[in-house]
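Everything on this sheet refers to the single structure shown next.
Below, each value reflects all heavy atoms present in this structure, side chains not excepted, and no hydrogens, waters or symmetry copies. Just so we're clear, the structure is a prediction, and the values are computed from it rather than from any experiment.
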Amino acid sequence: MQFLAPAALAGLAALSLPVIIHLLNKLRVREVRWAAMRFLQTAAKKNQRRVKMQDLLLLILRCLVLALLVFAFARPTFEAVEKSSLVAGDPLTVMVLLDQSASMGASDGIETRFAAARTATLNFLEELPTGSAAGLLLVHDGYASPVSRPSRDLSLVRRSVELAKPTDRGTDFQPALRAAIEALRNLEGRREIHIFTDNQLAGWRALEPIREFLATAPDIRVFIVTPGAAAASTGNLAVTDLKLDTAIPVAGQPLRVLAEVTNFGDTPANGIRLTLAINDDAPSADAVISQLAPGGTRHVPLLVRLPGSGFHTLTASLPPDRLAFDNRRTIALEIAPARDVLVVESRRGPAAWQGTGHFLATALAPVEEEAASRHYLHVTRITGAELDPSKLSEYAVIFLAATEPLPPLVVTALAEFVQNGGGLVVMPGDATPAGLFLDTPWPDLLPATINPPSEPPDGTIEAGPYNYPLLTLWNDPAAGNLAALRFAKIFPLDPVQTPEVSTALRLADSSPVIMERSVGKGRVVLFAAPPVPAWTNLPLHPAFVPLMHRLYAATARASSLKLNLAPGDVFQAPVPIDQLNRDVYVRGPAEDAKPVAVGRTELVDTQAMLRARSTAAAGRYAVYVGQNERPDFYFAVQPPADESNLKTAAEDILTSPADPASGEPTSAAPAPPSAPLLTARQLWTIALAAAAFLSCAELLLALRSSRSR
């Protein structure tokens, strides 16, 4: 046992007072003889032993009361109770880390983990010894620093804690711990770091680097405080992903949206209803997951139709539970008007079907000829001789379908087209000899060197699953499969060894047949065979139409806007120059949110830009420029999926050994409860209670003794 205020033990000297008073009372006895004394001598002798015992007992009780009072003021504690250092008599220099990540929104039905942590932080600050200094960092996947260095103005720190709010950001303790260590490293006296958190296991992904850095400051102690974490429910259903699974989103056409639902609880979930809403409207699609096992994930397809072009948001929602932020997930998308596609081909006759781009053009616009003008993809078919290099910018994607050699001026224009963000798909064939692509600028455009054609020993393609985005659709058995694809003849491809090159599809012998390369702002896709049946059965395969649409979507000139952000990211978008210096307003995802001014449009180089930085909450955001009644932009903020996993680490994670295989601590859950040691405050109150009880006993015994004499 140790004492937090050992100076108070000097009060034990007061124990001499009852002894001195007792002895003085004995000296005050005077002998008085009177006639009836002889009749009382016999009775006095009988009571003498009882009176002495009562006096001795009263003396002991009075000494015990004084000793217990001194004991209470000395604040005894057990050395094993480390957290009691916060009530020590000496001043303390401390950095407080308050976790405001998304998992802190979990509730036990009464309060959230964040509310409990904020209350515990305020209590901790109130109990700091006089003269202490404290700093405050708000922890998420980074950190905010309301009080970046220890300050003796504790009211400022308390006010900053009161103003702190939870966010939908991830958890990473490493940046904040590093900042806290650096803030304390060169200071004198007792220095500590107190982390008020739910101790989510995902936040310790950089555990070993954290331990190594803490070892550089061994005299700074770190304590993990988890108020409310154990009480909150660990069961949780979450929408962990939401993405568009339609190659080309078009207004008025069915869109396939894929929602990922995960059960992070320990028990199966049954009858889970998932809904999908467009913008602020009521849900327009739903599905029911009959059962989802613990730790299981289900990908749920939903179909919707968007009302028109422009910006839209889609929101997938689950029924409410005790962790609210992940019950819904929103994506934002921009629906562009109809786009133009150019197919450059060679022809064997006057009929359209005699062109090498016939199957390709039909797949891109699979409608009757009279309806082609109303289709969302406007396909133009020409030969290489008809190609006008000055008009390439009118098209989103250009397909070279076994075309003849192109003039140098056209090739130069194609390279500029790709650099500016256009998509180019090269499908060499009989009319395009391989040697053509050795001349500049082809080596700087193509993802591979094209060799003379040959028959592959095995024309079948590699078996799935497919990781390349162009082909992930066929990982779903409901979408069919690519097992029947055959290549009778190919141009062998030798990949260019640069990071911008990737392979989408290979033959069973690992020969690449579809490759991609990023060039400037655009993309170039290279096929090892043209889209004609003499080379491959791909044009006759059911997958050809969706593959060409996905190919168009992957290579089309994409919008430069990043509409789906992580919490804390900055949304920015270009605006017309006449909107320079206009006020910018943002309406957040809260149901009762109103547009709030976030700044003004500003000039960046020669472009007027707007920026929105307040993106801590997940959901749908609307952006207004000036006093417009309708939003100019929509964007969405999506929280990290691992915040939905409420699994916690052991409180001794910084000192416990780690599993060498995974790098995670061996104790993934809090240690089992054991008999708790008494803290300083508990011993203090117990000592006061015992002193009060003994005072009452002493008073009763003194009254009884005085009457009996």
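In terms of heavy-atom proximity, Ala164 sits nearest to Arg118 at O-NH1, 2.7 Å. When all heavy atoms are compared, the tightest approach of Ser644 to Phe325 is OG-CZ, 3.9 Å. Here the shortest heavy-atom pairing between Ala287 and Val300 reads CB-CG1, 3.6 Å. In plain terms, the two heavy atoms of Ala617 and Pro589 that are nearest each other are CB-CG, 4.0 Å. Closest heavy-atom contact between Leu187 and Pro150: CD1-CG, 3.8 Å. The minimum heavy-atom distance linking Leu136 with Ser160 is given by the pair CD2-CB, 3.6 Å.
Within the model, atoms CG of Asp108 and CZ of Arg322 stand 6.5 Å from one another, a figure rounded to the nearest 0.5 Å. Here CG of Asn236 is found 4.5 Å from CG of Leu323. Values are rounded to the nearest 0.5 Å. One finds the CG atom of Leu694 at 11.0 Å from the CG atom of Leu66 (value rounded to the nearest 0.5 Å). Distance check, rounded to the nearest 0.5 Å: CZ of Phe311 to OH of Tyr634 gives 10.5 Å. To the nearest 0.5 Å, atoms CG (Leu610) and CZ (Phe571) are separated by 6.0 Å. Atom-to-atom distance recorded for Arg178:CZ and Leu214:CG is 9.0 Å, nearest 0.5 angstrom.
Using modelled atom types, no side-chain atom of Asp168 and backbone atom of Pro639 make a donor-acceptor pair closer than 3.5 Å. Checking side-chain atoms of Asp281 against main-chain N and O of Ala277 turns up no donor-acceptor pair under 3.5 Å. For Ser145 (side chain) and Val147 (main-chain N/O), no donor-acceptor pair under 3.5 Å exists by modelled atom type. Counting only distance, with no hydrogens or angles, the side chain of Arg205 and the backbone of Ala202 share a donor-acceptor pair below 3.5 Å. At distances below 3.5 Å, at least one donor-acceptor pair connects side-chain atoms of Thr615 with backbone N or O atoms of Gly568. Between the Asn645 side chain and the Asp642 main chain, no donor and acceptor come within less than 3.5 Å of each other. Formation of a donor-acceptor pair under 3.5 Å by the Ser151 side chain with backbone atoms of Asp153 is found in this model. Remark: side-chain polar atoms of Ser132 are not paired, donor with acceptor, to backbone N or O of Leu128 under 3.5 angstrom.
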I would like to know whether Phe124 and Val94 meet side chain to side chain contact (heavy atoms under 4.5 Å, CB included); could you show each step before the answer? CA-CA 11 Å; Phe124 170 79; Val94 61; 3.9 Å; yes
Pair Asn199, Trp204 - check side chain to side chain contact (heavy atoms under 4.5 Å, CB included), show working. CA-CA 8 Å; Asn199 205 23; Trp204 299 106; 2.8 Å; yes
Go through the steps to decide whether Ile272 and Asn270 satisfy the test side chain to side chain contact (heavy atoms under 4.5 Å, CB included), and finish with yes or no. CA-CA 6 Å; Ile272 308 166; Asn270 302 313; over 6 Å; no
Where do Leu122 and Arg158 land on the side chain to side chain contact (heavy atoms under 4.5 Å, CB included) test, with the steps shown first? CA-CA 6 Å; Leu122 292 172; Arg158 285 192 292 268; 4.1 Å; yes
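Remark: Arg159 engages no residue in a side chain to side chain donor-acceptor pair (under 3.5 Å) (not counting sequence neighbours). Listed by chain and number, the residues in a side-chain contact (heavy atoms from CB on, under 4.5 Å) with Leu69 are Val65, Leu688, Ala691 (sequence neighbours excluded). For Asp280, the salt bridge (charged side-chain N to carboxylate O under 4.0 Å, His left out) partners at least two apart in sequence or on another chain are Arg620. For Arg613, the salt bridge (charged side-chain N to carboxylate O under 4.0 Å, His left out) test picks out no residue, with sequence neighbours left out. Taking the side-chain contact (heavy atoms from CB on, under 4.5 Å) definition, one finds that Ala293 meets it with nothing, sequence neighbours left out. When the side-chain contact (heavy atoms from CB on, under 4.5 Å) test is applied to Thr119, the partners found at least two apart in sequence or on another chain are Asn123. Applying the side-chain contact (heavy atoms from CB on, under 4.5 Å) test to Thr315 and every residue at least two apart in sequence or in another chain returns Ser317, Arg328, Thr330. For Arg185, the salt bridge (charged side-chain N to carboxylate O under 4.0 Å, His left out) partners two or more places apart in sequence, or in a different chain, are Glu182. Residues passing the salt bridge (charged side-chain N to carboxylate O under 4.0 Å, His left out) test with Glu591, sequence neighbours excluded: none. Listed by chain and residue number, nothing satisfies the side chain to side chain donor-acceptor pair (under 3.5 Å) test with Asn263 (two or more places apart in sequence, or in another chain).
Looking only at side-chain heavy atoms (C-beta outward), Leu201 and Thr648 stay at 4.5 Å or farther from each other. Side-chain atoms of Lys647 and Phe264, non-hydrogen and from C-beta on, never get closer than 4.5 Å to each other. Residues Arg329 and Val637 form no side-chain contact, since every pair of their non-hydrogen atoms from C-beta on lies 4.5 Å or further apart. In this structure, the side chains of Leu276 and Leu274 stay at 4.5 Å or more apart for every pair of heavy atoms. Looking only at side-chain heavy atoms (C-beta outward), Gln638 and Ile331 come within less than 4.5 Å of each other. Between Ile181 and Ile220, some side-chain heavy-atom pair lies under the 4.5 Å cut-off. A heavy-atom distance below 4.5 Å is not found between the side chains of Phe196 and Ile224. Side-chain contact between Lys243 and Asp241 is present, with heavy atoms from C-beta onward closer than 4.5 Å.
Here the options are Leu137, Val222, Val225, Val139, the test is side-chain contact (heavy atoms from CB on, under 4.5 Å), and the partner is Ile195; only Val222 passes.
Among residues at least two apart or in separate chains, side-chain hydrogen bond (donor to acceptor under 3.5 Å, both in side chains) pairs with a member in residues 134-144 are Asp141-Arg169.
Between Thr262 and Thr297, the side chains place a donor N or O and an acceptor N or O closer than 3.5 Å (distance only, hydrogens not considered).
Here Glu192 pairs with Arg190 in a salt bridge; the nearest charged N to carboxylate O distance falls below 4.0 Å.
Ring orientation note: the planes of Phe635 and Tyr621 are close to parallel, at an angle under 30° on the 30°/60° scale.
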Per-pair distances, 0.1 Å, donor-acceptor, side chain in residues 96-106, under 3.5 Å, sequence neighbours excluded:
unit_1: Asp99; atom_1: OD1; unit_2: Ser101; atom_2: N; d: 2.9
unit_1: Asp99; atom_1: OD1; unit_2: Ser101; atom_2: OG; d: 2.8
unit_1: Asp99; atom_1: OD2; unit_2: Thr197; atom_2: OG1; d: 2.8
unit_1: Gln100; atom_1: NE2; unit_2: Lys165; atom_2: O; d: 2.7
unit_1: Ser101; atom_1: OG; unit_2: Thr171; atom_2: OG1; d: 2.8
unit_1: Ser103; atom_1: OG; unit_2: Asp198; atom_2: OD2; d: 2.7
unit_1: Ser103; atom_1: OG; unit_2: Gln200; atom_2: OE1; d: 3.2
unit_1: Ser103; atom_1: OG; unit_2: Glu643; atom_2: OE1; d: 3.3

